[in-house]
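The structure appears below as structure tokens.
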Amino acid sequence: LVDYSLTQPRDKPSYSLTLDNGSTSSLGMGGSIEVKQPLEGERLGLSGGFGFRNMQRTEGGVGLVRTMGSTLAWRPAPGTEVLLFGGDFLYRSDEARPTLFLAATASGPPRMERGRDLSQSWTGRSSDTWLWGGIVKTPLATGLRMESGLFYTRRDYHRVFADLYTGVGADGSAGGHKVVADAGSSDSSISGEARLVREWQGPGWTQQLIASLRGRHRVRHFGGTASFQFGPASLLTGDPQPEPAYAIGDKSRDRVDQLT
């Protein structure tokens, strides 16, 4: 954990701006701004950035991605480093793409126009993934150093949907159309590590003795979904439906504690 690599500010400023109309994994306008700004030479600095992607899905529709983060680096003495960082990954739009379950008698999936958006307009995703933490590394004596890190991650699913067509035939007919809605689910984790490293060096060799303590506390809230049955449908003509009124049920809670 404490070997986690971060973009860090150093003694020289750096600024970058990128814009493009697609990446190796998705199409659509995107870009990023990154800044590395020393505040007191190598001793103190701040780095940060913002990125975006307006994804054009191959099956139709769009997905909006936004990322932002920052790192504060403090090096008060040689060999000592304190890093504080935080960031957020936002996902918006990206309406639930239909999942097709073929009928047992179907000869294959229906032939359809590529890029046709069959999603429901009200099934947009809204989620955030947060990361906060700190890392401290410092020498304690000759050949002995301490390394530690504490991290908090949280994923909030504000609105998430699944769009399901069952009994789909080669002619595009579907025996059933169902949408499952979820909201308010979350998955959070606090983890950390502390270790002592004793190092010996000689001509052409290095030896290390490491004592470490690692822990993790994870809490997950899930379940309570609502589902809507819309009956038979046709994929060739689409099956747009108005958003029904619904209420999310009580959440189940799952907890995991680990210590090594």
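Computation of the quantities below employed the complete heavy-atom set of this structure, encompassing side-chain atoms and omitting hydrogens, waters and symmetry-equivalent molecules.
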Identify the two heavy atoms, one from [X] and one from [Y], that lie closest to each other, and give their separation to 0.1 Å.
X: Pro9; Y: Gly45; answer: CG-C, 3.3 Å
X: Ala170; Y: Ser107; answer: CB-OG, 3.6 Å
X: Glu193; Y: Ser212; answer: OE2-CB, 4.1 Å
X: Leu140; Y: Met146; answer: CD1-CB, 3.8 Å
X: Ser119; Y: Ala96; answer: CB-O, 3.1 Å
X: Ser188; Y: Tyr152; answer: CB-OH, 3.9 Å

Do side-chain atoms of [X] reach the backbone of [Y] as a donor and acceptor pair under 3.5 angstrom?
X: Arg92; Y: Ser127; answer: yes
X: Lys251; Y: Gly223; answer: yes
X: Gln208; Y: Val197; answer: no

Atom [atom1] of residue position [X] - does it have more than 12 heavy atoms of other residues, nucleotides or ligands inside 6.0 Å?
X: Arg111; atom1: CZ; value: no
X: Trp122; atom1: CH2; value: yes
X: Asp11; atom1: CG; value: yes
X: Lys178; atom1: NZ; value: no
X: Arg66; atom1: CZ; value: yes

Side-chain heavy atoms of [X] within contact of [Y], under 4.5 Å:
X: Asp117; Y: Arg57; result: yes
X: Thr123; Y: Val179; result: yes
X: Leu236; Y: Met112; result: yes
X: Ile190; Y: Leu150; result: yes
X: Ser70; Y: Leu46; result: yes
X: Asp20; Y: Arg53; result: yes
X: His221; Y: Ser185; result: no
X: His217; Y: Arg255; result: yes

Among pairs that include at least one residue of residues 31-40, which meet side-chain hydrogen bond (donor to acceptor under 3.5 Å, both in side chains), considering only residues two or more places apart or in two chains?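 Only Tyr15-Gln37, Thr18-Ser32, Glu40-Arg43 qualify under side-chain hydrogen bond (donor to acceptor under 3.5 Å, both in side chains).
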
Please collect all side-chain hydrogen bond (donor to acceptor under 3.5 Å, both in side chains) contacts where either partner lies in residues 75-84, sequence neighbours excluded, each pair once.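 For residues 75-84: Gln8-Arg75, Arg75-Glu81, Thr80-Thr138.
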
Going by distance alone, is a donor N or O of one side chain under 3.5 Å from an acceptor N or O of the other, for Arg155 and Thr129? yes

Angle between ring planes, Phe89 versus Tyr91, binned at 30° and 60°: parallel, tilted or perpendicular? perpendicular

On the 0 to 90° scale, with breaks at 30° and 60°, tag the His177-Tyr165 ring pair as parallel, tilted or perpendicular.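 Because their plane-to-plane angle is under 30°, the rings of His177 and Tyr165 count as parallel.
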
Could you give the distance from [atom1] ([X]) to [atom2] ([Y]), rounded to the nearest 0.5 Å?
X: Leu118; Y: Glu59; atom1: CG; atom2: CD; answer: 9.5 Å
X: Phe151; Y: Trp132; atom1: CZ; atom2: CH2; answer: 15.0 Å
X: Leu209; Y: Glu199; atom1: CG; atom2: CD; answer: 11.5 Å
X: Phe161; Y: Thr225; atom1: CZ; atom2: OG1; answer: 11.5 Å
X: Asp128; Y: Leu90; atom1: CG; atom2: CG; answer: 4.0 Å
X: Phe230; Y: Asp239; atom1: CZ; atom2: CG; answer: 7.5 Å

Test log, rule salt bridge (Lys or Arg N to Asp or Glu O under 4.0 Å), inputs Arg218 and Asp187: CA-CA 7 Å; Arg218 179 184 179 189; Asp187 188 349; 2.5 Å; yes

Connected via hydrophobic side-chain network under 4.5 Å: [X] and [Y]:
X: Val65; Y: Leu27; result: no
X: Leu64; Y: Phe52; result: no
X: Leu44; Y: Val82; result: yes
X: Leu17; Y: Met29; result: no

In sequence, state the C-alpha distance, the side-chain angles, and the governing distance for Leu259 and Leu213, and then conclude on side chain to side chain contact (heavy atoms under 4.5 Å, CB included). CA-CA 7 Å; Leu259 187 65; Leu213 177 66; 3.7 Å; yes

When you look at Arg10 and Glu42, which way does the side chain to side chain contact (heavy atoms under 4.5 Å, CB included) test go after all the steps? CA-CA 5 Å; Arg10 295 296 179 178; Glu42 183 81 12; 3.0 Å; yes

Evaluation steps, side chain to side chain contact (heavy atoms under 4.5 Å, CB included), between Trp74 and Leu84: CA-CA 9 Å; Trp74 180 43; Leu84 301 176; over 6 Å; no

Under 4.0 Å between a Lys/Arg side-chain N and an Asp/Glu carboxylate O for Glu95 and Arg125?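 No, this pair does not count.
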
For Arg116, check salt bridge (Lys or Arg N to Asp or Glu O under 4.0 Å) against everything at least two apart and list the hits.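 Arg116 satisfies salt bridge (Lys or Arg N to Asp or Glu O under 4.0 Å) with no other residue.
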
Is there a side chain to side chain contact (heavy atoms under 4.5 Å, CB included) between Val219 and Arg154? Walk through the geometry before answering. CA-CA 9 Å; Val219 177; Arg154 180 180 178 89; over 6 Å; no

